[in-house]
Colleague: 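Following this message is one structure expressed as structure tokens.
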Amino acid sequence: MHIIPAIDLIDGKAVRLTQGDYSQKKEYNARPLEVAQQFEGAGLTRLHLVDLDGAKEKRVINWKVLELITSKTSLHVDFGGGVQSDDDLRVAFECGAKQVTGGSVAVKDPDLMERWLSKHGSDKIILGADAKNEKIAVSGWEEATEVWIYDFLEKWVDKGIKYVISTDVAKDGLLQGPSFDLYRNMQDQFPKLNIVASGGVSNMADIETLADMGLFGVIVGKAIYEGRVTLKELERFK
């Protein structure tokens, strides 16, 4: 299982939110490159980089940080947050993203998402499927929909999606454990999908449980920043 550390960006700084609430922001480092280099130094090879300003403004904003990290490290960066137009996607790839996550766009402009998938291929485009009570949430989780997550996944698997990042908003940032049942259900229904769990990881036991489930990857954010999980402990997943 891939361990994918997360850096969330507001005003170019590494922060974490609680349950996607912008008013519950905690800044961890004003220089995200330093954080990325620490991850690389620990032997981690991937990075989940989220433009929270972009998610709110519905356009990519923190592209300079993406460009800096991809030019100064060898991390495989997947980028999301505010990618809602052809220009946003072009900027993300030009700035070095290896994969780009489409969440809101997959709900609000599925034809555009489908074009991206057709043009760039299923190895480059990740589906963002974030949920509140198993219903899809978009726009930095500020908007809830009535779309059931399993119907959403089925639609996009049929269109060729191979990778999905799914966050249970109710778990995110609380350090109370991931939504194991959600990911088990997703695996049961879509056994060929590469599922990346996100949100709620609080300790190594959570990570080991997800690994035992056979998930493709897990995104770890606050647990690292709060010292619940050390980079040293993650080295055995290399």
Side-chain angles (χ1 to χ4, degrees), residues 1-6 44-51 55 60 66 70 74-86 88-131 134-138 145 147-168 178-199 201 207 210-220 237-238:
M1 183 177 71
H2 294 280
I3 302 294
I4 310 170
L44 297 172
T45 59
R46 290 175 175 257
L47 177 67
H48 179 63
L49 188 65
V50 181
D51 183 353
V60 171
L66 169 63
T70 59
S74 60
L75 293 169
H76 176 116
V77 178
D78 76 74
F79 180 79
V83 184
Q84 296 195 27
S85 71
D86 287 330
D88 291 324
L89 189 71
R90 176 185 55 77
V91 166
F93 283 137
E94 285 181 356
C95 290
K98 291 284 193 274
Q99 294 177 296
V100 171
T101 301
S104 298
V105 69
V107 175
K108 296 184 171 185
D109 195 348
D111 290 344
L112 180 59
M113 180 77 167
E114 209 170 332
R115 286 209 312 274
W116 292 353
L117 197 55
S118 176
K119 180 178 179 180
H120 297 282
S122 56
D123 287 328
K124 302 276 283 184
I125 304 295
I126 302 172
L127 179 67
D130 299 335
E134 298 192 332
K135 300 286 182 68
I136 293 295
V138 297
T145 73
V147 181
W148 201 40
I149 187 169
Y150 306 109
D151 291 342
F152 184 68
L153 291 173
E154 183 175 26
K155 169 186 173 179
W156 285 104
V157 167
D158 288 346
K159 293 180 183 298
I161 277 288
K162 293 199 307 190
Y163 294 89
V164 61
I165 294 174
S166 182
T167 306
D168 184 338
S179 287
F180 297 114
D181 289 344
L182 174 69
Y183 303 123
R184 285 193 189 96
N185 291 339
M186 288 169 63
Q187 279 190 304
D188 288 346
Q189 293 189 45
F190 310 101
K192 294 183 179 178
L193 194 58
N194 294 300
I195 299 167
V196 178
S198 172
V201 169
I207 293 171
L210 293 168
D212 290 343
M213 288 167 58
L215 294 185
F216 175 83
V218 58
I219 291 170
V220 189
F237 282 92
K238 280 193 281 187

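Positions are given from 1 along the sequence. On a predicted model such as this, the values are computed, not experimentally measured, just so you know.
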Colleague: Hey, could you give me the CZ/CD1 distance between R46 and I4, rounded to the nearest 0.5 Å?
Modeller: 5.5 Å
Colleague: Are side-chain heavy atoms of L117 and S122 found at a separation under 4.5 Å?
Modeller: yes
Colleague: Backbone N or O of I136 within a donor-acceptor pair of the T145 side chain at under 3.5 Å?
Modeller: yes
Colleague: Going by heavy atoms in the side chains, are M1 and V218 under 4.5 Å from each other?
Modeller: yes
Colleague: Does some side-chain heavy atom of V157 sit less than 4.5 Å from a side-chain heavy atom of L127?
Modeller: no
Colleague: Which value, rounded to the nearest 0.5 Å, describes the distance between I126 atom CD1 and I161 atom CD1?
Modeller: 8.5 Å
Colleague: Can you give me the closest heavy-atom contact between V77 and L49, atom names plus distance?
Modeller: CG1-CB, 3.9 Å
Colleague: Please test F79 against V50 for side-chain contact (heavy atoms from CB on, under 4.5 Å), starting from the C-alpha separation and ending with a verdict.
Modeller: CA-CA 6 Å; F79 180 79; V50 181; over 6 Å; no
Colleague: Please round to the nearest 0.5 Å and tell me the distance separating atom CD1 of I125 and atom CH2 of W156.
Modeller: 10.0 Å
Colleague: Is there side-chain contact between L153 and M186, with heavy atoms separated by less than 4.5 Å?
Modeller: yes
Colleague: Roughly how far, to the nearest 0.5 Å, is CG of D151 from CD of E134?
Modeller: 11.0 Å
Colleague: Are any of the side-chain heavy atoms of E154 and K159 separated by less than 4.5 Å?
Modeller: no
Colleague: Do F190 and V164 make a side-chain contact, defined as non-hydrogen atoms from C-beta onward lying under 4.5 Å apart?
Modeller: no
Colleague: Indicate yes or no: at least one non-hydrogen side-chain atom of I149 is less than 4.5 angstrom from one of L182.
Modeller: yes
Colleague: Examine distances only and state if a side-chain atom of T70 and a backbone atom of L66 form a donor-acceptor pair shorter than 3.5 Å.
Modeller: yes
Colleague: Grab the two heavy atoms, one from I165 and one from D130, that are nearest each other, plus how far apart they are.
Modeller: O-OD1, 3.9 Å
Colleague: With sequence neighbours left out, write down each residue that passes ring pair (Phe, Tyr, Trp, His ring centres under 6.0 Å) with F216, or none if nothing qualifies.
Modeller: H2, Y163
Colleague: Tell me whether K162 is salt-bridged to D123, with the criterion being a basic N under 4.0 Å from an acidic carboxylate O.
Modeller: yes
Colleague: Evaluate D158 against K155 for salt bridge (charged side-chain N to carboxylate O under 4.0 Å, His left out), listing each step before the verdict.
Modeller: CA-CA 5 Å; D158 288 346; K155 169 186 173 179; over 6 Å; no
Colleague: Measuring only between side-chain heavy atoms, which start at C-beta, is V100 closer than 4.5 Å to D78?
Modeller: no
Colleague: Of the non-hydrogen atoms in I219 and A6, which two are nearest, and what is the gap between them?
Modeller: CG2-CB, 3.6 Å
Colleague: For L215 and A197, which heavy atoms make the closest approach, and how far apart are they?
Modeller: CD1-CB, 3.7 Å
Colleague: For the residue pair Y183 and M213, what are the closest heavy atoms and their distance?
Modeller: CB-CE, 3.8 Å
Colleague: Show which side-chain atoms of residues 88-97 pair as donor or acceptor with protein atoms under 3.5 Å away, not counting sequence neighbours.
Modeller:
| from | atom 1 | to | atom 2 | distance (Å) |
| --- | --- | --- | --- | --- |
| D88 | OD1 | V60 | N | 3.2 |
| D88 | OD2 | Q84 | N | 3.0 |
| D88 | OD2 | S85 | N | 3.2 |
| D88 | OD2 | S85 | OG | 3.1 |
| R90 | NH1 | E94 | OE1 | 3.1 |

Colleague: Heavy-atom count around K119 NZ within 6.0 Å, excluding the residue itself: above 12?
Modeller: no
Colleague: Testing the basics here: between A106 and F152, what is the closest heavy-atom pair and its distance to 0.1 Å?
Modeller: CB-CZ, 3.8 Å
